[in-house]
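What follows is a set of notes on a single structure, which appears directly below.
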Amino acid sequence: NAGVMQNPRHLVRRRGQEARLRCSPMKGHSHVYWYRQLPEEGLKFMVYLQKENIIDESGMPKERFSAEFPKEGPSILRIQQVVRGDSAAYFCASSPRSAEGKQYFGPGTRLTVT
Amino acid sequence: KQEVTQIPAALSVPEGENLVLNCSFTDSAIYNLQWFRQDPGKGLTSLLLIQSSQREQTSGRLNASLDKSSGRSTLYIAASQPGDSATYLCAVRPVWPDSWGKLQFGAGTQVVVTP
């Protein structure tokens, strides 16, 4: 059973461009979570999704950031008009159920904005 | 508002010594607590998960305890090895329905085990 997959692993964008980060959960997992780790800071929750539903987006910046988890295909975290402060490691996690299960993390996407 | 603190921020021990890592949280209304390991430039590896009704969990050389009433968890690593060098993170999950899905992380303890 493959783990959580994220791609790309490294992404370089110029200021003003769009960044698209993809996450494929573990097989059989229907819950996806996105976290951000800024340089020298801890991991911060961004958004929790189930298939076709956003359950909790309390950690998402109000502008430029959006996330989706369609019925088919990976979850996408989209950052429009990136700025240097968006440079960070973005981690995706999945779980089979939101309640008792562990969250299993992917290797992360390291976004660098130049 | 829940706050998760890990002390110390960094720790260096000689090989063979036992490691003791501390995690404290301000709101005892948690569903579970999870310990992770993060290697530089890598993702997180789950080590142990303790449900709120449990007092401890063990896996090999690792043992984690939970005292929910005092808001503390401790991760013990016996007979440390250089391969244990990493950053260790603890994370709490709140109870339903408050922010049900999200984990709240501490800043981590960076561990170096010297040969």
Going only through I, L, V, M, F, W and Y residues with side-chain contacts under 4.5 Å, is there a path from [X] to [Y]?
| X | Y | answer |
| --- | --- | --- |
| A:Ile79 | A:Val113 | yes |
| A:Val32 | A:Val47 | yes |
| B:Tyr31 | B:Val4 | no |
| B:Tyr88 | B:Ile7 | no |

- Using non-hydrogen atoms only, which part of A:Leu43 is less than 4.5 Å away from chain B: side chain, backbone, both, or neither? both
- Message: Between A:Glu41, A:Lys44, A:Gln37, who has the most heavy-atom pairs with chain B when the cutoff is under 4.5 Å?
- Response: A:Gln37
- chain B contacts, top residue of A:Ala89, A:Pro107, A:Gly106, A:Gly59 (heavy-atom pairs, under 4.5 Å): A:Pro107
- Note on the structure: Okay, B:Gln38 and chain A: the region with an atom under 4.5 Å from a heavy atom over there is side chain
- Message: Once rounded to the nearest 0.5 Å, what's the spacing between atom CD of A:Gln103 and atom CG of B:Asn32?
- Response: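 A:Gln103 atom CD to B:Asn32 atom CG measures 8.5 Å (nearest 0.5 Å).
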- Query: About how many Å separate CZ of B:Arg93 and NZ of A:Lys102, when rounded to the nearest 0.5 Å?
  - Reply: 13.0 Å
- Any chance you could lay out the side-chain contact (heavy atoms from CB on, under 4.5 Å) test for A:Phe105 and B:Phe36, step after step, and finish with the verdict? CA-CA 10 Å; A:Phe105 280 74; B:Phe36 294 89; 3.7 Å; yes
- Knowing that exactly one of A:Phe45, A:Tyr48, A:Tyr33 qualifies, which makes a side-chain contact (heavy atoms from CB on, under 4.5 Å) with B:Lys102? A:Phe45
Check residues 108-115 of chain B and write down every donor-acceptor pair under 3.5 Å in which the side-chain atom is one partner and the other belongs to a residue at least two apart or another chain.
| from | atom 1 | to | atom 2 | distance (Å) |
| --- | --- | --- | --- | --- |
| B:Thr109 | OG1 | B:Pro8 | O | 2.6 |
| B:Thr114 | OG1 | B:Val13 | O | 3.3 |

- Hey, is CE on A:Met5 packed in by over 12 heavy atoms from elsewhere, all under 6.0 Å? no
